Amino acid sequence: MNVYDSARMADVLAPHGFAPVDAPDDADMVILNTCHIREKAAEKVYSELGRIRQIRERRAADGRKTVIAVAGCVAQAEGEEMRARAPFVDIVLGPQTYHRLPEMVARAARAGGVVATDFPVEAKFDELPEASAPQGPSAFLTVQEGCDKFCTFCVVPYTRGAEFSRPAAQIVAEAKKLVAQGSAEITLLGQNVNAYRGPAPDGGTWGLARLIRALAEIRGLARIRYTTSHPRDMDEALIEAHADVPALMPFLHLPVQSGSDRILTAMNRGHGAADYRALVESLRRARPDLALSSDFIVGFPGETEADFAATLALVRDVGYAQAYSFKYSPRPGTPASLAEDQVPDAVKTERLHRLQAELWDQQRRFNESKVGSVMPVLLDKPGRRPGQLLGRSPWLQAVHLDAPAHDMGRIVEARIGAATVSSLAGRALVREDAAA
Ligand code: SF4
């Protein structure tokens, strides 16, 4: 989502004479677009700011000014504190205010530091100019922001605010533009994307499934994905869309976090392990080749060896094609950060190693199961060597293909010859124009 947001910030600044440069040394303005999810996010931002301050001083010696802005969730969480700790920062802006960036730049030039971390009443997306820069063969499109779930470990409801869904017509128009610019795949983004409930062109409300069906009608849009989903918002209509919308790719990121009911309750996830297993079963009935990924938090406060064993059991039962797993680390301001039964770091590390060994083994086996098969690959990046391109399988695997440069941006049929834990390799067979 931050990649998408950064592009929209570039869009909003373009009419004011700003264009992206390759290095901060050449920049009249540097925007750090921050994420609060990873450990020690704020400290990393302050240390990066130290480096940018040195660049500003070097440029000042040559008589050049540099505006420094910090955007995103760390800016939202730190607010005024950031200007107190790093007074050389000109603008601190939260994720809901970046449509006001040009006005902030002008205000900072006139009167010094600006802090904008409110949740404005006007809808950001209504104020933003149309996205202008092409994103390439695979594009992101934000359809939903914010979260009302309040998982006890997570800062998102505090930094991104309440759930908000963009109007469906706006999304369809933006998707058409992306396809006209050459995107064959669109990933719909939202902190809680399947909580999407957007105003529809007919005056009603569309859920994510209905939106996906409308997008699937766009000629040239070959692939649709969405992320990140919450198990509680996976409704029947969405499961059905997986059964009968061919453009909806057979890969789903469906975070479960833990396999223990006790820990899921402490996390305030609003579902149990059995609900998740049943959901996976329904999804696989609808789309038998569906591959899943998940997030896991190991060592959440109060996690016992039995709780952890329940997570391992769930992982073995479900079988993942990919996963992200982390040791629990407290986020300031969240309920779980105040829990007294924190798990010792050595225990978290040991459990994480056991979990990751299982997950990597599953990922390797999933990748190996594709060796010898023929699959469509969307080629979207140059390869590591001449004569090679990098693409994505329907299951979001990275695929290195021997293919001519003019296949870039196309979906080609490829035979898979080899697999590692992280990627597939093969050669292109028959060409199929993604736009056909
Ligand atoms: S549903 Fe996701 S974004 Fe919302 S609070 Fe939970 S982890 Fe955070």
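Just follow the structure's listing: the first ligand is 1, and inside any ligand the first atom is 1. Just so it is clear, the model here is predicted, and its values are computed rather than measured. Both backbone and side-chain heavy atoms feed into the values below; hydrogens, waters and symmetry mates do not.
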Participant: So, applying side-chain hydrogen bond (donor to acceptor under 3.5 Å, both in side chains) with S293, which one of Q363, H253, Q322 is it?
Facilitator: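 Of all the options given, the one that passes is H253.
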Participant: When you measure from the centre of the six-membered ring of Y46, is the NZ or CZ of R85 under 6.0 Å away and within 45° of the axis?
Facilitator: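 R85 over Y46 ring: yes.
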Participant: Centroid separation under 6.0 Å, is that true for the rings of F296 and Y328?
Facilitator: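 Centroid separation for Y328 and F296: 6.0 Å or greater.
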Participant: For atom 6 (Fe) of ligand 1, which protein N/O/S atoms fall under 2.8 Å? Skip waters.
Facilitator: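 Correct list: C151 SG.
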Participant: Out of curiosity, L93 CG to M82 CE, how far, rounded to the nearest 0.5 Å?
Facilitator: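 These two atoms lie 10.5 Å from each other.
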Participant: Contact between L252 and L290 at the side-chain level, heavy atoms closer than 4.5 Å - yes or no?
Facilitator: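 In contact.
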Participant: Show the nearest heavy-atom pair for residues L283 and L254, with the distance to one decimal.
Facilitator: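 The answer is CD1-CD2, 3.9 Å.
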